[in-house]
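Presented below is the structure to which this report refers.
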Amino acid sequence: MIKRILVFALCILLLFAISLSAHSYFITQPMAFELWEVYLYHAVAAFIVYVCIEGVSHTLPNQAGYAYLALMLFKIGIFVFVFKSSVFENEALTRPERLALVVPLFLFLIAEAIGVARLLNNQK
């Protein structure tokens, strides 16, 4: 259990560093929000979701899928709450700013889904 969590943390850390560096390299204009904050939020949230699913699958393996869905809704709700002043109150987001919000979301969502799927498939 601890080994899987550490491996997932290392993968998330590598994904964070590589994707933020690449994304920052291609951004040429100033944004209404800090790009590294968005990446950091998604990295930390993905790690927390994985650790929670690891705990739930250890105690209640049949309920892990429902816990994952609930945590996704919770994660999106917290994102809206944390970034509402810099993102959601700004009416005129440019196309690169919109992409800068979506790219980290999908990168870490895919990494998280792969980690959770591997965890749940190995438990059966």
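Of all heavy-atom pairs spanning Ala64 and Val56, the tightest one is CA-CG1, 3.8 Å. Between Ala100 and Pro104, the shortest heavy-atom distance links the atoms O-CD, 3.0 Å. Residue Leu107 comes nearest to Leu15 through the heavy atom pair O-CD2, 3.8 Å, listed as atom of the first residue, atom of the second, then distance.
With sequence neighbours left out, Arg4 forms a side chain to side chain donor-acceptor pair (under 3.5 Å) with Glu54. With sequence neighbours excluded, the residues that form a side chain to side chain contact (heavy atoms under 4.5 Å, CB included) with Phe106 are Val102, Leu109. Here Val82 pairs with Ile78 under the side chain to side chain contact (heavy atoms under 4.5 Å, CB included) rule; sequence neighbours left out. For Val51, the side chain to side chain contact (heavy atoms under 4.5 Å, CB included) test picks out Ile5, Phe47, with sequence neighbours left out. Partners of Leu105 under the side chain to side chain contact (heavy atoms under 4.5 Å, CB included) rule, at least two apart in sequence or in another chain, are His42. Listed by chain and number, the residues in a ring-ring contact (aromatic ring centres under 6.0 Å, His included) with Phe16 amount to none (sequence neighbours excluded). Qualifying ring-ring contact (aromatic ring centres under 6.0 Å, His included) partners for Phe108, counting only residues two or more places apart in sequence or in other chains: none. For the side chain to side chain donor-acceptor pair (under 3.5 Å) test, residues two or more places apart in sequence or in another chain that qualify with Tyr68 are Glu112.
Under a hydrophobic-cluster definition in which Ile, Leu, Val, Met, Phe, Trp and Tyr are linked whenever side-chain heavy atoms come within less than 4.5 Å, directly or via other members, Phe8 and Met1 are assigned to the same cluster. Cluster membership for Leu71 and Leu60, using ILVMFWY side-chain heavy atoms within less than 4.5 angstrom, is not shared. Neither Ile27 nor Ile18 shares a network with the other; the hydrophobic side chains, linked directly or stepwise wherever heavy atoms of I, L, V, M, F, W or Y lie under 4.5 Å apart, form separate groups for each. A continuous path of Ile, Leu, Val, Met, Phe, Trp and Tyr side chains, each step under 4.5 Å between heavy atoms, connects Val44 with Val49, placing both in one hydrophobic cluster.
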Start with the C-alpha distance between Tyr39 and Val103, add both sets of side-chain angles, then the distance that settles side chain to side chain contact (heavy atoms under 4.5 Å, CB included), and finish with yes or no.
CA-CA 9 Å; Tyr39 272 91; Val103 167; 3.7 Å; yes
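Looking at Tyr41 and Lys75, their side chains come closer than 4.5 Å, going by heavy atoms from C-beta outward. Using a 4.5 Å heavy-atom threshold, the side chains of Ile12 and Tyr50 count as separate.
The hydrophobic cluster around Leu14 extends to Leu10, counting ILVMFWY residues whose side-chain heavy atoms fall within less than 4.5 Å of a member. Through direct or relayed side-chain contacts under 4.5 Å between Ile, Leu, Val, Met, Phe, Trp and Tyr, Ile110 connects to Ile114.
For Arg98, the CZ atom is densely surrounded, since the number of other residues' heavy atoms within 6.0 Å is greater than 12.
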Below 3.5 Å, can you tabulate the donor-acceptor pairs from side chains in residues 29-36 to any protein atom, sequence neighbours excluded?
{"from": "Gln29", "atom 1": "NE2", "to": "Thr94", "atom 2": "OG1", "distance (Å)": "3.4"}
{"from": "Glu34", "atom 1": "OE1", "to": "Trp36", "atom 2": "NE1", "distance (Å)": "3.4"}

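Remark: Ser57 OG to Ile53 CD1 distance equals 7.5 Å, nearest 0.5 Å.
Screening residues 56-67 for salt bridge (charged side-chain N to carboxylate O under 4.0 Å, His left out), with sequence neighbours left out, gives no hits.
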